[in-house]
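To start, the structure under review is shown below, and the notes come after it.
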2 protein chains.
Amino acid sequence: MWTIIVHKEDGVTMEIIRRNTEYSIRALVHLALHPGRDVTAAEIAEAQEIPLEYLQKILQKLTRGGFVGAQRGARGGFYLAKDPEEINLLQVIELMQGKLAMNKCFLGKNGCNRAPKCVLKNNWLQLEQRIAGFLSQITLLDLVEQVREGGRPGGGE
Amino acid sequence: MWTIIVHKEDGVTMEIIRRNTEYSIRALVHLALHPGRDVTAAEIAEAQEIPLEYLQKILQKLTRGGFVGAQRGARGGFYLAKDPEEINLLQVIELMQGKLAMNKCFLGKNGCNRAPKCVLKNNWLQLEQRIAGFLSQITLLDLVEQVREGGRPGGGE
DNA sequence: ATTAATGTGGACTATAATAGTCCACAAAGA
DNA sequence: TCTTTGTGGACTATTATAGTCCACATTAAT
């Protein structure tokens with residue numbers, strides 16, 4: 001039976017996936033939808049309604065992370081550096097937001113002094129792994145298919 | 001096979017449980033360890049090394065949330081308003097941080113326009129529920145037992 | 001070679017979320 | 001009535017996130 005908790009604040013939520021990750025995914029989906037050519041940051045920004053300058057930073061990270069390739073100069077742009085099925089959500093989240101973790105041990109004041117035998121710690125790790133496992137199963141290909149099936153929600157052309 | 005992702009930033013992590021929740025839990029554990037009397041905010045702050053003024057805010061939230069009771073005036077203080085096994089982690093997290101969510105649908109620009117039939121959305125919801133289910137299974141009693149078994153890591157007396 | 005189009009890297013600012021502080025006041029015991 | 005305690009609201013500080021700007025490197029087209 002669930003205990004009812006009343007939140008005074010309206011719809012406050014703590015979201016695990018932040019905006020930079022969301023932008024990243026939309027950009028990756030866009031690239032996946034336009035294979036075989038270099039797509040400029042400007043085009044992606046326009047189509048996906050992402051601030052261009054911010055998107056450039058994100059694309060730089062994605063480039064360094066090995067998800068996309070970049071071609072400089074006139075007629076340059078970005079392209080997927082991997083097959084869509086080889087890119088998964090966990091990778092993108094961790095690249096953009098850092099490693100996902102429950103938290104450090106929160107019992108004890110200065111960090112837990114008995115981590116090795118802490119049952120709770122093991123629970124955290126298990127949960128972390130379950131979350132990670134789930135996220136790593138969702139690939140860019142899945143996302144692209146979602147977009148293709150639906151009414152072109154990521155559209156713009 | 002795992003793809004290796006190199007993070008340039010050192011140990012950057014995005015933690016799900018934030019400090020206010022951690023403080024909350026430490027406070028609740030402290031109360032559970034000292035049943036049958038009113039414990040002042042000052043005592044908890046001292047024992048758990050939490051800034052007093054901040055802890056007071058947290059205790060107010062916990063009071064409004066129904067987890068602890070408060071007794072004003074001289075010799076007043078706080079006490080658990082529920083049995084430790086009736087308080088679970090999910091409740092505390094959601095009280096302090098708001099409802100846990102993956103995110104709103106991130107495909108599409110202005111929020112997803114086909115949420116009802118979105119497979120991904122369902123995946124999110126499933127994952128959210130798994131996480132929630134897990135967190136709701138961990139009770140304050142479990143945490144207290146952890147502390148009792150270990151070398152009094154939350155100690156102070 | 002020159003020019004225009006493009007990504008790169010670093011520094012910078014803005015906004016928002018989180019953490020933390022302060023104070024006047026209300027309640028209750030001594 | 002005095003002291004101890006929690007309450008509520010406003011306030012400040014710090015940090016994380018989001019967003020901007022610009023000088024520069026690279027490349028294609030002319």
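Everything quoted here is computed from the prediction, not taken from an experiment.
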Give every pair of a protein N or O atom and an N or O atom of nucleotides 26-28 of chain C that lie under 3.5 Å apart, one pair per line with the distance.
{"from": "C:dA27", "atom 1": "O4'", "to": "B:Arg72", "atom 2": "NH1", "distance (Å)": "3.0"}

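Remark: A:Tyr23 engages A:Tyr54 in a ring pair (Phe, Tyr, Trp, His ring centres under 6.0 Å) (not counting sequence neighbours). With sequence neighbours left out, the side chain to side chain contact (heavy atoms under 4.5 Å, CB included) criterion links A:Glu85 to A:Asp83, A:Leu141. Listed by chain and number, the residues in a side chain to side chain contact (heavy atoms under 4.5 Å, CB included) with A:Thr40 are A:Ala42, A:Glu43 (sequence neighbours excluded). Applying the side-chain hydrogen bond (donor to acceptor under 3.5 Å, both in side chains) rule to B:Gln56 yields no partners; only residues at least two apart in sequence or on another chain are considered. Shown here are the side chain to side chain contact (heavy atoms under 4.5 Å, CB included) partners of A:Ala70, two or more places apart in sequence or in another chain: A:Thr63, A:Phe78. For B:Thr139, the side-chain hydrogen bond (donor to acceptor under 3.5 Å, both in side chains) test picks out B:Asp142, with sequence neighbours left out. Partners of A:Gln71 under the side-chain hydrogen bond (donor to acceptor under 3.5 Å, both in side chains) rule, at least two apart in sequence or in another chain, do not exist in this structure.
Separating the OH atom of A:Tyr54 from the P atom of C:dG7 is a distance of 18 Å, rounded to the nearest angstrom. One can place CZ of B:Arg19 at 18 Å from P of C:dA17, the figure rounded to the nearest angstrom. Taking atom NZ of residue B:Lys57 and atom C1' of nucleotide C:dA17, one finds them 18 Å apart after rounding to whole Å. Here the P atom of nucleotide C:dA19 and the CG atom of B:Leu52 are 17 Å apart, to the nearest Å. Going from atom CZ of A:Phe78 over to atom P of C:dA5 covers 17 Å, rounded to whole Å. Distance, A:Arg37 CZ to C:dA5 C1': 16 Å, rounded to whole Å. In this entry the distance linking CZ of A:Arg64 with P of C:dT8 reads 8 Å, nearest Å.
Running 5' to 3' along DNA chain D, contacts with non-hydrogen atoms of chain A at under 4.0 Å begin and end at D:dT17 to D:dA28.
Judged by distance alone, with hydrogens and angles left aside, the side-chain atoms of A:Gln97 form no donor-acceptor pair with the main-chain N or O of A:Ile17 at under 3.5 Å.
Comparing A:Pro51 and B:Gly76, the nucleotide of DNA chain D nearest to each residue sits closer to the 5' end for B:Gly76. Sequence order on DNA chain C of the closest nucleotides to A:Met14 and A:Leu59 puts A:Leu59 first from the 5' end.
No contact: B:Asp38 has no heavy atom under 4.0 Å from any strand. A:Ala42 comes within 4.0 angstrom of nothing in the nucleic acid, heavy atoms only.
Between A:Leu143 and A:Leu28, the closest side-chain pair of non-hydrogen atoms is not below 4.5 Å.
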